[in-house]
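See below for the structure under consideration.
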Amino acid sequence: MSDLLSNLNPEQQAAVTLPDQPALILAGAGSGKTRVLTTRIAWLISTGRASPGGILAVTFTNKAAKEMLTRLTAMLPINTKGMWVGTFHGLNNRLLRAHHRDAGLPQLFQILDTADQLSAIKRLLKALNVDDEKYPPKQLQYFINAAKESGLRAPRVDCPNDYERRLAELYAAYDEQCNREGVVDFAELLLRSYELLTRNELLREHYRARFRHILVDEFQDTNRLQYLWLKLLSGSENVIFAVGDDDQSIYAFRGANVGNMRDFERDFNIHTVIKLEQNYRSHGNILDAANALIGNNRARLGKNLWTSEGHGEPVRVFESMTDLEEAQWIVDEVRALVNDGLRRSEIAILYRSNAQSRVIEHALFNAGIPYRVYGGLRFFERQEVKNALAYLRLMANGDDDTAFLRVVNFPTRGIGARSLEQLQDAARARGEPLMRAAGSLPGKAGASIGAFIRMIEGLRQAVAGLTLAETIEQVIHHSGLIPHYQAEREGGDRVENLGELVNAAAGFVAEEDDASLAAFLAHAALESGEHQAGEGTDALQLMTVHSAKGLEFHSVFLSGLEEGLFPHEQSMTERDGLEEERRLMYVAITRARRRLYLSFAQTRMLHGQTRYNIRSRFFGELPAGLLKWLTPRFVAKPTRAPQIYAQPPYRKSEIRVNSESPKDSGFRVGQNVVHPKFGAGVIVNAEGGGTDARVQVNFAGAGVKWLALHIAKLSPA
DNA sequence: AATCCGTCTATTTTT
DNA sequence: TAGACGGATT
């Protein structure tokens, strides 16, 4: 099958045709990682080294899994049915469904998403009379998930103090509650399966024998539990093929552990790591900038991107007075690009945090430029959709208290807090889920809740024999959801979304083999509904740097490159926080194919207050020769000490927060200054005059300080 | 049961 | 600044 390999470079070929042994592929940004992964699978199968059923390929996102399957089917004339290609969660869901009995789960166990999990935790705390001031639900949620993702059940969690001991107790109680209700959170999908395979040798051997070839995408993003799971599944006969890039590890905050790459080398005795360093995406200057920047990180496996293409254009840098001005400049520049024939969807505006999108959106809106913002609520997370799903969940599994409480009185049917309190007490006393305990409730509460349960029961019977789409159609009308939203003033969109849910179900049935209600519910939980509508129009792409990972654009604007924002100030308190910010910056830079803009503003409105910022330290890590300053400035002096930059001559207006700015001191608020000890900074405040004149300076390295002007050796930058 | 109002908070996010 | 949330009011 040499035609499979003919378009690959030598390293890619080596990776694809690697003999049966554990392998680590260090795949740089834009180096053809997905291509190698899929070609490897195609090669294994077409050369008879593996059968489709012997392949297990794990990704992080549904999108990546889908992409892999699409490319595979294009390459191989085989059906991909027997192949297990999916996300960690999707595959483990599949495994647990197949062995639910062994795993101690009901056949129709439901999956809690993050919001469901939180409400389950709140409910638990209330039931146990725990002070949620002292034990904030969010914090407990974090604790539980962190423990599970380390592979630890409550008794094994290390508790250095009473507080943590209590958290561990609550973790145990939470697990009990989930078991009682037959629900499973995201982390549980993996932990359950890990425990099942640990405990059950027969099953473990079965899957080890079956999945001779295990391929892992984005290996740098795996958490501890995922690593343990992979290790467990890899016996001595298995061939594990891990592809990743330590320089693109940007998810430590949610448990990703880059250390897994080093551990993998050690645990699996990897001798040669294949590096894919040829980049097929960007021009040389962009890659040089990325390489130089990431070179400042200490803990790296080491890798340098190169291209056979030319240097291309310089990296453009723009400094503005305010965030508004920055946004306006972006608008102007985008207009020019579009005028030159570039499609809007080939242009991305990236930022570190979501709040930054507002000014830019505002400017784009006023300019009438179509744009699309990524992130935010996804389809299956919408209130009305979750409500509809809750009815469906109850029909599949009446023990699901989260679903029960969500809709027992929605739309309102006269079941108040008192009745529910009674019901919850009764259920607790009997150790039963709410729906089962309801029969024993006397009086008015019993009657109204009884009616609700009969309605669910009635729905269950009414939809017998109907298709999934028809089922949902029935449910959203019969439950009263549609009438309720129709009556609501602003309910039009919600009604529309419920209709969209019916369509989604029809689409699901058309695509999937298992079109059961349970399968659809799992789909809804595991695939939050990638993107929303609006894919038709050619629109500018706005997103955080995190969401841009894996994407590429002709032109990229990276905005808000200011100390405190990028690198984010909160990252400075985290271990290795700055290195992660730098990797984030690296990811951002490597999104651009041809043109890269970096911008920052001296003044930015944040949390309703004007903040004075200085340019990001990352500018100092980019070779000056690669940069083209659009704002005239940048006179680097040949000194060792902090670099000194010239004032932009075009400065339009002074910024003043304090009218008492010392007039004749020669300094003013907003001005860039240099201090012999603290380095470069910006004056953010001033008071007094004459010999009493004091200024407050935000230093890049030393933070915010008040300085007396007649003492401090402050000079204009 | 719906609405109003004050308080609080504020990276990054997939499953 | 703006959104989310919880408690109090209507």
Side-chain angles (χ1 to χ4, degrees), chain A residues 58-65 86-94 111-118 122 132-133 136-138 142 145 148-149 184-191 193 217-218 221-223 225-226 249-256 323 350-359 361-362 374-378 380-381 383 409-418 484 487-489 522-531 543-550 560 564-574 577 580-581 583-585 587-588 604-611:
Chain A
V58 204
T59 65
F60 267 86
T61 64
N62 294 299
K63 198 174 154 201
T87 63
F88 278 101
H89 295 85
L91 295 172
N92 280 301
N93 173 54
R94 190 165 170 183
I111 300 169
L112 302 184
D113 68 15
T114 313
D116 295 331
Q117 184 189 34
L118 188 62
K122 283 181 180 164
D132 58 2
E133 299 259 285
K138 279 241 172 69
Y142 177 84
N145 289 336
K148 288 190 178 187
E149 282 167 7
V184 157
D185 59 50
F186 285 140
E188 184 72 23
L189 283 170
L190 302 207
L191 185 52
S193 149
D217 189 21
E218 304 275 21
D221 285 341
T222 50
N223 62 34
L225 179 55
Q226 287 158 341
S249 161
I250 55 172
Y251 283 111
F253 70 92
R254 65 172 201 221
D323 48 349
L350 308 184
Y351 34 81
R352 172 67 239 264
S353 57
N354 287 304
Q356 289 168 249
S357 75
R358 229 187 48 234
V359 224
E361 283 188 68
H362 190 76
Y374 284 71
L377 259 203
R378 276 167 309 219
F380 287 114
E381 292 167 356
Q383 184 213 111
N409 195 36
F410 191 95
T412 48
R413 38 179 78 88
I415 301 174
R418 296 179 312 283
H484 174 266
E488 214 174 53
R489 272 168 297 159
H523 168 82
L526 292 177
E527 193 162 342
S528 27
E530 295 285 283
H531 300 312
M543 66 191 85
T544 63
V545 179
H546 280 93
S547 346
K549 188 173 160 224
L565 253 188
F566 201 172
H568 200 281
E569 55 194 354
Q570 307 237 63
S571 72
M572 309 304 275
T573 58
E574 293 158 15
E580 175 127 332
E581 293 289 302
R583 290 192 290 269
L584 198 52
M585 177 83 178
V587 168
R604 182 176 299 275
M605 190 66 117
L606 200 66
H607 308 329
Q609 277 191 317
T610 305
R611 295 192 14 155

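Chain identifiers are assigned alphabetically (A, B, ...) following the order of the sequence lines, protein sequences preceding nucleic acid strands; residue numbering begins at 1 within each chain. Here the structure is a predicted model, which is why all the values come from computation and not from measurement.
A salt bridge links Arg583(A) with Glu580(A): the closest approach of a Lys/Arg side-chain nitrogen to an acidic carboxylate oxygen falls below 4.0 angstrom.
For the OP1/OP2 pair of dT14(B) and a distance below 4.0 Å, the side-chain nitrogens and oxygens of Asn223(A) include no atom meeting the criterion. Taking side-chain N and O atoms only, Asn92(A) has no distance below 4.0 Å to OP1 or OP2 of dT15(B).
Within 4.0 Å (heavy atoms only), Gly255(A) reaches no atom of the nucleic acid at all. If you check every strand for non-hydrogen atoms under 4.0 Å, Thr114(A) touches a base. At the heavy-atom level, Phe88(A) lies nowhere under 4.0 Å from the strands shown.
Atom CE of Met543(A) and atom P of dT14(B) are 12 Å apart (whole Å).
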Are there any protein N/O atoms within less than 3.5 Å of an N/O atom in nucleotides 6-10 of chain C, and if so, which ones and at what distance?
none

Atom pairs under 3.5 Å, N or O on each side, protein against nucleotides 1-3 of chain C: can you list them with distances?
| unit_1 | atom_1 | unit_2 | atom_2 | d |
| --- | --- | --- | --- | --- |
| dT1(C) | O3' | Arg358(A) | NH2 | 3.4 |

Between N or O atoms, less than 3.5 Å apart, protein on one side and nucleotides 2-8 of chain B on the other: list the pairs.
| unit_1 | atom_1 | unit_2 | atom_2 | d |
| --- | --- | --- | --- | --- |
| dT3(B) | OP1 | Arg489(A) | NH2 | 3.3 |

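Across dT12(B) and dC5(C), the matching C1' atoms stand 23 Å from one another, rounded to whole Å.
Comparing Thr573(A) and Asn409(A) along DNA chain B, the residue whose closest nucleotide (by nearest heavy atom) sits nearer the 5' end is Asn409(A).
Both geometric conditions, a ring-centre gap below 5.5 Å and a plane tilt below 30°, are fulfilled for Phe253(A) over the base of dT12(B).
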